[in-house]
Amino acid sequence: MPPINKLIELRLQEAVLAVLPDADVASVLVRPCPDPKFGDYQTNALMGLAKARKLNPRQLAADVFARLNLTDLCERVEIAGAGFLNFHIKRQAQVAALEAAAAGGPLFFEPADKPRTVVIDFSSPNVAKAMHVGHIRSTILGDSLARTLRLLGHRVVTDNHIGDWGTQFGKLLVGWKLHLDAAALKADPIGEMERLYKLVNRLSEADPAVLEEARQELVRLQRGDEENLRIWREMIALSQVQFDTIYERLGVRFDVTLGESFYNPRLQPLVQELVGKGIAVESEGAKVVFFEEIPTLKAHPALVQKSDGAANYTTTDLATMAHRLETWKPDEIVYVTDGRQQLHFQQIFAVFQKWRSGEKVRLAHVWFGSILGEDGKPFKTRSGETIKLTDLLDEAAERALKTVAEKNPTLTEAEQREIARVIGLGAVKYSDLLPNRQSDYVFSWDKMLALNGNTAPYLQYAYARIRSIFRKGNVGAEAEAAPARILLDAPQEVALARRLLNFGIILEAVAEEYRPNFLCNYLYDLAGDFTAFYENCQVLKAEPESRASRLAICDLTARVLKQGLDVLGIETLEQM
RNA sequence: GCGUCCGUAGCUCAAUUGGAUAGAGCUUCUGACUUCGGAUCAGAAGGUUACAGGUUCGAUUCCUGUCGGACGCACCA
């Protein structure tokens with residue numbers, strides 16, 4: 001059975017169409033009430049419709065109300081305020097939904113009726129550089145969006161667009177050929193490559209001849225010089241080992257990893273095509289696309305070929321789009337990058353409009369703000385270096401370990417370490433996903449690892465506490481909880497049930513707006529509702545019928561918490 | 001100069017097509033353990049949503065202006 005809100009929504013849309021046959025009912029949605037005193041669900045869409053048609057909103061609400069038959073689901077439906085419809089769900093309908101989920105049915109969400117194919121481009125680290133804190137938001141956000149869309153039944157292609165081509169390889173090649181420390185490369189390949197780059201960078205600042213040499217090496221690489229290609233491929237391979245290690249640690253998976261260099265053969269034909277179609281024109285020796293018709297881009301033409309004849313990242317991104325369209329025929333391509341690239345994406349989307357105006361694909365730049373230090377400046381080490389991702393994850397686990405050892409000293413050290421790993425990783429991920437992605441946020445170990453407030457450890461604790469009930473009561477969750485009849489007596493039980501039922505609405509909002517923070521806030525609210533239930537409703541010592549019902553409610557809550565955290569890429573623990 | 005984003009409680013942050021009384025945590029104060037994990041919970045205090053206008057039945061949300069901040073603006077990606 002579809003979720004209750006969907007059933008109401010469908011019938012509401014039918015009723016609206018009966019009253020206003022030409023209305024666009026896609027925007028006629030049913031939402032949870034902000035305050036339970038209004039009911040369980042509401043719609044405010046009728047006021048919007050009335051406004052657009054200059055109708056009296058209360059009258060429209062009354063007309064729609066007259067066509068609505070919800071007696072099987074709702075105890076009552078009210079017209080309220082300026083034209084809200086408030087729906088009070090029958091207790092029995094809520095119970096039926098809970099029992100269906102407890103009996104193994106879907107967990108308060110259903111697969112999309114129109115599955116889409118979505119390519120998600122995120123993480124995008126650079127060859128020969130350590131992944132640092134700047135990569136974390138893209139990686140975590142992109143992974144979470146991919147997980148959400150997959151759970152909702154969409155076809156998702158995660159594509160890691162590695163930075164494996166560009167001018168930095170001139171300097172790297174000079175360094176590799178003249179200054180390579182083989183032992184250091186073996187011990188720490190990334191560290192050695194970073195050292196080489198910095199070294200040559202310094203040398204070329206002092207000596208123009210070094211800079212020229214780097215330029216020459218780059219040209220040789222671009223022309224296909226055998227030795228340079230070999231070295232370049234080795235740098236990529238060494239870097240990929242590092243990427244794989246970090247992604248495995250983070251639990252992030254890519255379906256496809258194609259570096260920028262993969263698209264090199266397509267660049268010149270692409271430029272020719274753009275010029276041939278009159279989309280790109282020559283300007284100051286370069287090939288440029290102008291946007292006279294777009295006010296915000298009028299002053300910002302896009303360069304697709306530099307005056308030296310080389311393509312740039314705009315060209316590469318366009319070639320990448322073409323490849324993705326041919327390969328997967330996506331309904332949607334999502335780019336998860338920081339907000340500083342907004343102009344760039346406006347440009348390539350606008351070029352794409354001119355170039356492939358027939359394509360229906362939805363292009364989305366899902367951008368995010370910066371991570372700041374406690375001083376409000378970009379997050380760096382004390383000495384001003386960028387913070388390496390491995391160091392960050394190590395420190396998270398270390399800090400978590402201190403707390404675990406203190407709170408739970410009876411566990412073995414191995415157990416403590418595993419718990420600390422999960423908590424530390426969860427804390428880092430959650431603190432990245434919780435803020436509205438477009439705002440900058442201040443990085444704080446103490447806040448993300450706190451056991452109070454809206455944090456991953458708090459949610460993991462809520463989960464562990466539920467699991468503890470089943471351990472203590474010596475009941476297997478499945479065995480005892482599944483067949484139970486559910487009773488909603490205490491107000492805390494009703495509130496918790498209402499929250500559980502809204503899981504699917506939240507998942508859909510996350511997928512629609514690309515905002516996992518909606519889910520974070522939902523899970524925190526859910527944990528709060530559970531705690532109120534936990535404080536007020538005895539489970540194990542309740543009368544048999546009530547006990548079985550409450551165990552089932554506990555199990556459903558645990559499952560939603562686990563599923564929700566999983567969508568955020570965060571693991572749960574049986575004990576912590 | 002132009003553009004994008006932002007300005008919400010002392011601090012860090014929320015707020016679901018514009019929606020009903022703007023919510024949390026931290027901090028401060030007051031309480032709650034013969035009860036399932038006190039790694040918890042309850043209560044109190046804290047607001048002219050930067051400012052001034054406008055649109056609307058209704059604005060943190062949309063429009064205009066001012067102030068303040070971050071970021072970006074053709075041959076790096």
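Just so we're clear, the structure is a prediction, and the values are computed from it rather than from any experiment. The chains referred to below are lettered A, B, ... by the order of the sequence lines, with proteins before strands, and numbering in each begins at 1.
- Counting only residues at least two apart or on different chains, the ring-ring contact (aromatic ring centres under 6.0 Å, His included) pairs with a member in residues 287-314 of chain A are A:Y313-A:H344.
- Between A:N264 and A:S261, the side chains place no donor N or O within less than 3.5 Å of an acceptor N or O (distance only, hydrogens not considered).
- With centroids closer than 5.5 Å and planes inclined by less than 30 degrees as the test, A:F84 and the base of B:A20 pass as a stacked pair.
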Nucleotide pairing, RNA chain B (Watson-Crick or G-U, distances under 3.5 Å), in dot-bracket with [ ] and |: (((((((..((((.....[...)))).(((((.......))))).....(((((..]....))))))))))))....
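- Partners of A:E415 under the salt bridge (charged side-chain N to carboxylate O under 4.0 Å, His left out) rule, at least two apart in sequence or in another chain, do not exist in this structure.
- For residues 128-139 of chain A, the pairs satisfying side-chain hydrogen bond (donor to acceptor under 3.5 Å, both in side chains) are A:S123-A:T139, A:R137-A:D432, with sequence neighbours left out.
- Between B:G38 and A:R465, a contact under 4.0 Å exists linking OP1 or OP2 to a side-chain N or O.
- Straight-line distance between the C1' atoms of B:G46 and B:C26: roughly 13 Å, to the nearest whole Å.
- Between A:V539 and A:N86, the one whose closest nucleotide on RNA chain B sits nearer the 5' end is A:N86.
- Residue contacts shown for A:I469 are limited to sugar-phosphate atoms, with no base heavy atom under 4.0 Å away.
- In the region residues 499-521 of chain A, proximity to RNA chain B at under 4.0 angstrom, judged on heavy atoms, holds for A:N517, A:F518, A:N521.
- Of the candidate nucleotides B:C36, B:U17, B:C5, B:C5 has the atom lying nearest to any side-chain atom of A:W367.
- Nucleotides B:U61 and B:G25 place their P atoms 26 Å apart, quoted to the nearest Å.
- Residue contacts for A:Q575: at a heavy-atom cut-off of 4.0 Å it reaches a base atom on one of the strands shown.
- A:F38 comes within contact range of at least one nucleobase, with a heavy-atom separation under 4.0 Å.
- Using a 4.0 Å cut-off on heavy atoms, the residues of residues 296-311 of chain A that approach RNA chain B are A:H300, A:P301, A:L303, A:K306, A:S307, listed by number.
- Distance CG (A:L523) to C1' (B:A14): 15 Å, rounded to an integer number of Å.
- Taking atom C1' in both B:A15 and B:G7, one finds a spacing of 16 Å when rounded to whole Å.
- At a threshold of 4.0 angstrom between heavy atoms, the contacts of A:D24 with the nucleic acid are absent.
- Residues satisfying the salt bridge (charged side-chain N to carboxylate O under 4.0 Å, His left out) criterion with A:E493, sequence neighbours excluded, are A:R550.
- Set against B:U56, B:C41, B:C71, the side chain of A:R340 has B:C71 as its closest nucleotide.
- Between the side chains of A:E571 and A:Q460, no donor N or O sits under 3.5 Å from an acceptor N or O.
- Remark: C1' of B:U12 and CZ of A:F379 are 15 Å apart, rounded to the nearest angstrom.
- Under the 6.0 Å cut-off for aromatic ring centres, A:F533 and A:F530 qualify, their centroids lying closer than that.
- Comparing B:U60 with B:C6, their C1' atoms are spaced 13 Å from each other, to the whole Å.
- Only the P atoms considered, B:A9 is 44 Å distant from B:C76, to the nearest whole Å.
- Contact check of residues 435-452 of chain A against RNA chain B (heavy atom, cut-off under 4.0 Å) returns A:P435, A:N436, A:S439, A:D440, A:Y441, A:V442, A:K447, A:L451, A:N452.
- Note: A:F379 and A:F443 have parallel aromatic rings, judged against thresholds of 30 and 60 degrees for the angle between ring planes.
- Here A:E284 lies in heavy-atom contact (under 4.0 Å) with a base.
- On a pure distance criterion of 3.5 Å, a polar donor-acceptor pair joins the side chain of A:Q42 and the base of B:A20.
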Show every donor-acceptor pair shorter than 3.5 Å between a side-chain atom in residues 501-508 of chain A and any protein atom, with sequence neighbours excluded, or say none if there are none.
from   : atom 1 : to     : atom 2 : distance (Å)
A:N502 : OD1    : A:Y41  : OH     : 2.9
A:N502 : ND2    : A:R498 : O      : 3.4
A:E508 : OE1    : A:K6   : NZ     : 3.0

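- To the nearest angstrom, P of B:A32 lies 15 Å from CD of A:E535.
- Every residue was checked against the salt bridge (charged side-chain N to carboxylate O under 4.0 Å, His left out) condition with A:R58, not counting sequence neighbours, and none meets it.
- In this structure, the side chain to side chain contact (heavy atoms under 4.5 Å, CB included) partners of A:R515, at least two apart in sequence or on a different chain, are A:N436, A:R437, A:Q438, A:E513, A:N517, A:F518.
- Checked by atom type and distance alone, the side chain of A:S370 never pairs as donor or acceptor with a backbone atom of A:L372 at under 3.5 Å.
- B:G43 and B:C5: their C1' atoms are spaced 39 Å apart (whole Å).
- Among B:U40, B:C76, B:C36, the nucleotide with an atom closest to any side-chain atom of A:T167 is B:C76.
- Spacing between atom CD of A:E574 and atom P of B:C36 amounts to 19 Å, rounded to whole angstrom units.
- Residues passing the salt bridge (charged side-chain N to carboxylate O under 4.0 Å, His left out) test with A:E545, sequence neighbours excluded: none.
- How far CE of A:M448 is from CD1 of A:I423: 14.0 Å, rounded to the nearest 0.5 Å.
- A gap of 14 Å separates the C1' atoms of B:U8 and B:C51, to the nearest Å.
- Judged by distance alone, with hydrogens and angles left aside, A:K407 brings no side-chain donor or acceptor close enough to the base of B:G38 to form a pair under 3.5 Å.
- Residue side chain A:T316 does not reach the base of B:A77 through any donor-acceptor N/O pair under 3.5 Å, judged by distance alone.
- One P atom belongs to B:A22, the other to B:C67, and the distance between them is 31 Å to the nearest Å.
- Remark: A:R417 CZ is loosely packed, at most 12 non-hydrogen atoms of other residues, nucleotides or ligands lying under 6.0 Å away.
- Backbone-only contact: A:Q342 has heavy atoms under 4.0 Å from sugar-phosphate atoms and none from a base.
- Judged by closest nucleotide on RNA chain B, A:Y534 is the one of A:Y534 and A:T531 placed further toward the 5' end.
- Within 4.0 Å (heavy atoms only), A:S370 reaches no atom of the nucleic acid at all.
- Ring pair A:F84/A:F38: centre-to-centre distance not below 6.0 Å.
- A donor-acceptor contact closer than 3.5 angstrom is absent between the side chains of A:E9 and A:N5.
- Here the side chain of A:Y524 is nearest to one of B:U17, B:G25, B:G72, namely B:G25.
- When the C1' atom of B:C13 is taken as reference, atom CG of A:N454 falls 9 Å away, rounded to whole Å.
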